[in-house]
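Remarks on the structure that follows.
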Protein chains: 2
Amino acid sequence: MLKISELSAQSGLSAHTLRFYEKHGLINASTRSEAGYRFYNEADVRRVEFVKTARNIGFSLDDIAQLLSIRVDKKSHSCQEVTDLTQHKLNEVNAKIEELQSMQQTLEILLDSCCGGPENATHCSIMEALDEGDIRDKARSNKK
Amino acid sequence: MLKISELSAQSGLSAHTLRFYEKHGLINASTRSEAGYRFYNEADVRRVEFVKTARNIGFSLDDIAQLLSIRVDKKSHSCQEVTDLTQHKLNEVNAKIEELQSMQQTLEILLDSCCGGPENATHCSIMEALDEGDIRDKARSNKK
DNA sequence: CTTGACCTTAGAGTCAACTCTAAGCTTATA
DNA sequence: TATAAGCTTAGAGTTGACTCTAAGGTCAAG
Ligand SMILES: [Zn+2]
Ligand SMILES: [Zn+2]
Ligand SMILES: [Zn+2]
Ligand SMILES: [Zn+2]
């Protein structure tokens, strides 16, 4: 049985974060001492590791809550539910990547066009491009 | 001279957003009516368009504030300052893309491994992977 | 028996970029 | 002249995932 500071050291999550996750229904200390101190058993630790893994992949805490509710009763849930969640997350990630790649392209074009030198910026092609808005066409897909 | 609602219609930014940008020092109505109504002239409108363009590229409002301070006095600033800002933003964007691509890979691996069918999730390889944490190695670079 | 480290809670603060509300003027139209 | 639409301000609310604070209880060591 681990105290919160021990679990914190072991998991790399701060005690604050562990309490925060508890408040949001993700994890729990299955026992408390008489004084109210949290004590985590092995199953608790495994659950925390599950949360950590899912979080590292990029799932939101809401996603993780759903994954956890599947985890505690796998018989009542299907593989399809799991792939739906995963696919949905993948779609989000893909959309963000596209948005960022569009920004990336525009920024590279801007950098290519500017001399980057120490002279003053009265002739700066980046400033001109921002003023004229003509890169906006290339950057339009960046909009949320 | 445009009233705020007219500039809002023309620019696609809400009147709320225009006031918000003003509060944060990005834009200004160079004149006010006797009753205090904002009136935007052509230079104001061009400044708003500059902000919009920069925002669409992905610059933060802080970045934009810096770009604007260069814009109003180009003689006192160098091309290098402009490229520094742009390069810094590009580095940020590249870092995020890498992070997301790592998530993307992990999610694709997970999706490949799961049957996605309607049977129950007791055998689900995604749940197993999350439990065992063995994809964490692939996903480790996702950490902030 | 007193430090000092650790634990508890509720609740506030952080970041970014809006978004909205309330309460009250102003202006245009009927 | 009355109604509605539009403007003003200060300030609060939103989202997500923490992060920290205050005020106090607990526990081991010296
Ligand atoms: Zn130059
Ligand atoms: Zn330049
Ligand atoms: Zn299956
Ligand atoms: Zn499965």
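Just so we're on the same page: letters track the sequence lines, and every chain starts at 1.
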DNA chain C: A:Ala35 or B:Thr17, which has the more 5' nearest nucleotide?
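Closer to the 5' end of DNA chain C: A:Ala35.
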Measure the distance from [atom1] on [X] to [atom2] on [N] and round it to the nearest whole Å.
{"X": "A:His24", "N": "C:dG11", "atom1": "NE2", "atom2": "P", "value": "14 Å"}
{"X": "B:Glu22", "N": "D:dA10", "atom1": "CD", "atom2": "P", "value": "10 Å"}
{"X": "B:His16", "N": "D:dC7", "atom1": "NE2", "atom2": "P", "value": "11 Å"}
{"X": "B:Leu13", "N": "C:dA17", "atom1": "CG", "atom2": "C1'", "value": "12 Å"}
{"X": "B:Phe20", "N": "D:dT14", "atom1": "CZ", "atom2": "P", "value": "17 Å"}
{"X": "A:Glu34", "N": "D:dC27", "atom1": "CD", "atom2": "P", "value": "8 Å"}
{"X": "A:Leu61", "N": "D:dG16", "atom1": "CG", "atom2": "P", "value": "9 Å"}
{"X": "B:Tyr37", "N": "D:dT9", "atom1": "OH", "atom2": "C1'", "value": "13 Å"}

Taking [X] first and then [Y], would you say they form a salt bridge - that is, a charged N and a carboxylate O separated by under 4.0 Å?
{"X": "B:Asp44", "Y": "B:Arg38", "answer": "no"}
{"X": "B:Glu22", "Y": "B:Arg32", "answer": "yes"}
{"X": "B:Lys96", "Y": "B:Glu99", "answer": "no"}

Does a side-chain N or O of [X] approach OP1 or OP2 of [N] to a distance below 4.0 Å, or not?
{"X": "B:Arg19", "N": "C:dT19", "answer": "no"}
{"X": "A:Arg32", "N": "C:dT9", "answer": "yes"}
{"X": "B:Ser5", "N": "D:dC7", "answer": "yes"}
{"X": "B:Arg38", "N": "D:dT9", "answer": "yes"}
{"X": "B:Tyr21", "N": "C:dC18", "answer": "yes"}

Keeping A:Asp63 on the side-chain end and A:Ser60 on the backbone end, is there a donor-acceptor pair under 3.5 Å?
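Indeed, once roles are kept as given, a pair shorter than 3.5 Å links the two residues.
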Can you check whether A:Phe20 and A:His24 have ring centres sitting under 6.0 Å from each other?
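Centroid distance A:Phe20-A:His24: below 6.0 Å, so yes.
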Classify A:Ser60 by what it touches in the nucleic acid, base, sugar-phosphate, or nothing, heavy-atom distance under 4.0 Å.
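If one applies the 4.0 Å heavy-atom cut-off, A:Ser60 turns out to touch the sugar-phosphate alone, with no base involved.
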